[in-house]
Amino acid sequence: MAEQTAFLQSLRNVSRTGLGAPLLMMMMMAMIIIPMAPFALDVMFTFNISLALVILLVTVYTKRPLDFAMFPTVLLVTTLLRLALNVASTRVVLLKGHAGTDAAGQVIKAFGDFVVGGNYAVGLVVFLILVIINFVVITKGATRISEVSARFTLDAMPGKQMAIDADLNAGLIDQDEARRRRTEISAEAEFYGSMDGASKFVRGDAVAGILILFINIIGGLLIGILQHNLGFAQAARNYTLLTIGDGLVAQIPALLLSTAAGIIITRVSSSQDMGQQVLQQLFNNPRSLGVTAAILGIMGVIPGMPNVAFLTLAIICGAGAYWINQAQRKREAAVPTEEEAPPRPESTELSWDDVQPLDSVGLEVGYRLIPMVDKQQGGELMPRIRGVRKKLSQELGFLIPAVHIRDNLDLKPNTYRVTLLGVTVGEATIYPERDLAINPGQVFGVLQGIETRDPAFGLEAVWIEPAQRDQAQTFGYTVVDSNTVIATHLSQVIKTHAHELLGHEEVQHILDQLAKSAPKLVENLTPDTLSLGVIVKVLQNLLEEGVAIRDIRTIAESLAEHGGRSQEPDVLTASVRVSLGRSITQQINGMAVELPVITLDPTLEQLLHQTMQASDGGAGLEPGLAERIHSSLFEASQAQEQAGMPAVLLVSAFLRPMLTRFVRHTIPTLHVLSYNEIPSDKQIKIVATVGQQNVVNAKPRGR
């Protein structure tokens with residue numbers, strides 16, 4: 001007892017003389033520079049763990065964060081102490097690790113042999129789990145809370161100062177109390193500001209622990225094998241166990257300090273310590289314990305469950321609920337009851353919360369299709385839809401919004417409906433227990449079943465029994481299940497209406513992503529050159545014409561180049577299409593050098609030019625002429641498809657937008673390109689000319 005008193009007295013004397021901090025720093029420098037004996041390492045590691053426990057308990061019993069205002073400094077010092085110990089233990093492990101697992105002291109050996117059972121694979125897993133818990137969970141959360149607390153505390157300082165001045169002027173407090181409150185506000189701001197930076201120490205320490213682990217293992221293997229002639233297995237066992245023991249000894253105090261940082265930064269000033277607050281706030285309501293006891297009791301009587309454990313905890317929770325309830329009744333009986341206030345009328349006013357936003361993409365299903373979207377019933381549609389979203393997002397170049405699925409009792413049992421911004425854009429009836437045999441255009445037999453049409457492309461199809469799948473495939477049918485039918489239909493709908501799903505928020509996110517790799521390009525593009533609205537319209541035009549916006553860098557460069565000359569979205573769209581010409585033609589015809597195209601007769605092309613000019617760009621075609629042009633284009637397109645070649649209409653840049661709109665919905669397989677969109681390395685082969693017999697006596701229409 002006398003020795004302990006003398007030791008404490010010596011510590012107080014050192015603290016009074018102001019030599020404590022310099023001596024501690026000198027001790028850490030000595031551990032880094034001077035080799036330490038294994039016994040000294042044992043003492044320092046034990047001291048480090050004890051210090052971390054003391055700090056953790058102090059934060060638990062602290063009533064206010066400012067009562068432990070030195071915590072940021074203590075956190076820094078303990079982190080440096082732990083890193084110094086890591087350096088010292090690393091030196092001993094690498095120098096003496098060939099002698100066995102006890103070369104670096106008994107503490108490291110105990111953690112390497114006893115704690116993880118001498119299995120370095122288990123030790124490595126335990127170490128990584130501790131680092132993940134420390135780095136990903138505790139430290140990251142504490143860092144975020146520190147940042148927010150520091151910002152809010154600094155923002156609230158002027159208001160608190162004004163409140164103190166108001167109380168002082170009103171005579172509620174005197175000068176000494178006002179001075180004390182101002183000092184407390186200043187100390188609070190400094191504390192949270194320091195914690196914002198101090199939390200980074202622990203975060204960096206976790207990263208350093210991972211790096212030190214792998215460096216020690218690799219360095220130990222090299223030293224053991226090359227310098228001490230150990231076998232690979234022996235070297236791996238010795239150095240890995242020593243390194244893992246060293247890492248665990250360091251990570252446990254780190255985990256304790258991270259927890260202490262999280263506790264103190266999440267504490268609210270109170271007259272009670274943490275334990276009292278937990279008892280008062282967590283177990284204040286007996287209902288929670290009562291409901292918990294009932295649930296545990298039900299689970300405890302289920303056969304096969306650990307009945308003893310569940311029933312024991314149910315009895316404990318039930319007894320606690322009963323005891324708390326009785327105590328509250330006694331307190332209520334001792335306090336005189338007040339006259340009950342009249343009930344407040346319920347508010348009948350509406351708020352903006354009653355206005356629900358529309359789903360960007362929705363899927364409504366009849367009640368017989370619910371099992372297809374229910375995982376518990378083996379539904380496979382949800383993963384298919386996620387796959388569709390991922391594929392389309394990669395193809396189109398922007399994130400497809402989530403598909404909200406709900407049941408709709410107003411639909412027929414086997415019917416589903418696809419909605420876009422609350423508007424129905426697709427609906428079909430399917431049979432979950434059957435397969436859909438689709439006629440791709442040429443089949444060699446007739447199938448028995450329910451005749452229908454493929455909802456995605458409108459092809460002739462038959463709903464067949466699963467046993468007929470092989471027969472249908474033999475006849476040349478394409479056979480898919482009901483999940484694929486819905487997923488394909490949804491994919492086609494989203495692709496067709498992709499331009500309606502792209503808005504200002506999505507485009508801004510695309511530009512933010514581009515700014516990470518090309519900041520100057522985005523800076524020059526918007527808002528100085530083009531407004532965000534114009535960029536949105538150009539990208540929507542591209543998507544509406546079936547052009548993906550994945551190559552956003554090329555699109556942005558083209559817009560930045562031509563945006564100074566024109567702000568018209570259609571003109572900018574044409575310029576962007578020229579920049580994307582290689583991508584567009586490759587999407588249509590692959591890597592083929594020769595591109596088969598359909599052209600317009602020069603006389604017809606001149607007539608269309610005159611018509612466009614007369615109507616200021618409008619589609620003022622005479623109905624009969626428009627019908628003859630459409631028939632000729634449809635026949636030429638069908639001929640190209642039957643020949644296994646893409647259908648491409650090549651026209652002037654002036655006519656391309658009008659003709660694109662003209663054939664977009666009626667001939668969706670026909671691609672309309674302008675001459676300047678064809679790359680220079682592509683050869684054009686004219687396979688058909690439209691209009692040689694369709695323009696006789698035709699005249700352009702005026703306005």
Side-chain angles (χ1 to χ4, degrees), residues 387-398 400 438 440-442 456-457 459 476 478 488 491-492 494-496 498-499 510 513-514 517-518 521 538-539 541-559 561-562 572-600 633-653 655-657 659-660 663-664 667-690:
V388 167
R389 289 186 59 221
K390 181 178 180 180
K391 179 175 179 294
L392 290 179
S393 298
Q394 294 172 346
E395 286 183 359
L396 299 178
F398 73 99
I400 301 298
I438 304 172
Q442 186 176 6
F457 303 102
L459 301 176
T478 301
T488 306
S491 174
Q492 188 64 20
I494 293 176
K495 188 179 297 184
T496 303
H499 59 285
I510 293 173
Q513 292 294 109
L514 178 62
S517 58
L521 174 59
V538 171
L539 296 182
N541 288 345
L542 292 173
L543 290 172
E544 190 174 11
E545 294 174 358
V547 179
I549 58 174
R550 290 179 302 172
D551 190 3
I552 189 62
R553 186 188 184 102
T554 300
I555 296 174
E557 289 176 347
S558 178
L559 291 176
E561 178 183 356
H562 298 89
L572 294 173
T573 302
S575 302
V576 172
R577 285 182 61 95
V578 174
S579 302
L580 297 175
R582 189 178 304 278
S583 173
I584 294 173
T585 54
Q586 183 173 337
Q587 181 181 355
I588 295 172
N589 201 33
M591 298 298 295
V593 177
E594 191 175 68
L595 178 65
V597 299
I598 304 167
T599 60
L600 298 180
L633 290 176
F634 183 78
E635 292 174 2
S637 176
Q638 289 289 100
Q640 286 293 97
E641 289 186 25
Q642 293 177 2
M645 293 186 294
V648 179
L649 175 62
L650 190 62
V651 296
S652 65
L655 295 178
R656 189 204 60 79
L659 290 174
T660 299
V663 302
R664 178 180 300 149
I667 316 177
T669 58
L670 179 62
H671 305 277
V672 184
L673 303 181
S674 64
Y675 294 108
N676 51 0
E677 292 174 4
I678 306 299
S680 58
D681 58 348
K682 289 286 185 181
Q683 298 178 7
I684 297 175
K685 178 183 178 182
I686 300 176
V687 295
T689 301
V690 174

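The analysis underlying the following values was restricted to heavy atoms, covering all of them including side chains, and did not include hydrogens, waters or symmetry mates.
Considering only residues two or more places apart in sequence or on other chains, E557 meets the side-chain contact (heavy atoms from CB on, under 4.5 Å) condition with L521, R553. Remark: A636 pairs with I598, A688 by the side-chain contact (heavy atoms from CB on, under 4.5 Å) rule, at least two apart or across chains. Checked against side-chain contact (heavy atoms from CB on, under 4.5 Å), A643 has the following partners two or more places apart in sequence or in another chain: M645.
Annotation: the span from I584 atom CD1 to E545 atom CD amounts to 8.0 Å, rounded to 0.5 Å. To the nearest 0.5 angstrom, I438 atom CD1 is 6.0 Å from T478 atom OG1. Interatomic distance, S575 OG to I555 CD1, rounded to the nearest 0.5 Å: 12.5 Å. A distance of 6.5 Å separates OG1 of T669 from CD of Q638, quoted to the nearest 0.5 Å. To the nearest 0.5 Å, atoms CZ (R389) and CD1 (I400) are separated by 8.0 Å. With values rounded to the nearest 0.5 angstrom, R577 atom CZ is found 11.5 Å from S579 atom OG.
Taking the side chain as every heavy atom from C-beta outward, K495 and L392 approach each other to under 4.5 Å. Inter-residue side-chain proximity for L539 and V576 is flagged as unmet; no heavy-atom pair is nearer than 4.5 Å. Between T585 and I588, the closest side-chain pair of non-hydrogen atoms is not below 4.5 Å. With a 4.5 Å cut-off on side-chain heavy atoms, L650 and E677 do not count as touching. Under the 4.5 Å side-chain criterion, counting only non-hydrogen atoms from C-beta, P596 is not in contact with V648. Within the 4.5 Å cutoff, no side-chain heavy atoms of V597 are placed close to those of L649.
Residues L670 and S637 approach most closely at CB-OG, 4.3 Å, considering heavy atoms. The heavy-atom pair separating L543 from A498 by the smallest distance is CD1-O, 4.0 Å. Listed here is the closest heavy atom pair of F398 and I549: CD2-CD1, 4.1 Å. In terms of heavy-atom proximity, N676 sits nearest to V578 at O-CG1, 3.5 Å.
Few gaps surround NZ on K682; more than 12 heavy atoms of other groups in view lie less than 6.0 Å from it.
Looking at K390 and E395, no side-chain N of the basic residue comes within less than 4.0 Å of a carboxylate O on the acidic one, giving no salt bridge. Ion pair E544/R664 flagged as a salt bridge, since at least one NZ, NE, NH1 or NH2 atom sits closer than 4.0 Å to an Asp/Glu carboxylate oxygen.
Remark: the backbone N or O of E594 is paired with a side-chain donor or acceptor of N589 at under 3.5 angstrom. Put simply, the side chain of T660 gets close to the backbone of R656: a donor and an acceptor are under 3.5 Å apart. Here the side chain of R550 pairs no donor or acceptor atom with the backbone of L396 at under 3.5 angstrom. With T599 contributing its side chain and T689 its backbone, the two residues share no donor-acceptor pair below 3.5 Å.
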May I have the step-by-step check of side-chain contact (heavy atoms from CB on, under 4.5 Å) for T488 and F457, ending in yes or no?
CA-CA 9 Å; T488 306; F457 303 102; 4.0 Å; yes
Worked check of side-chain contact (heavy atoms from CB on, under 4.5 Å) between Q640 and V687:
CA-CA 9 Å; Q640 286 293 97; V687 295; 3.4 Å; yes
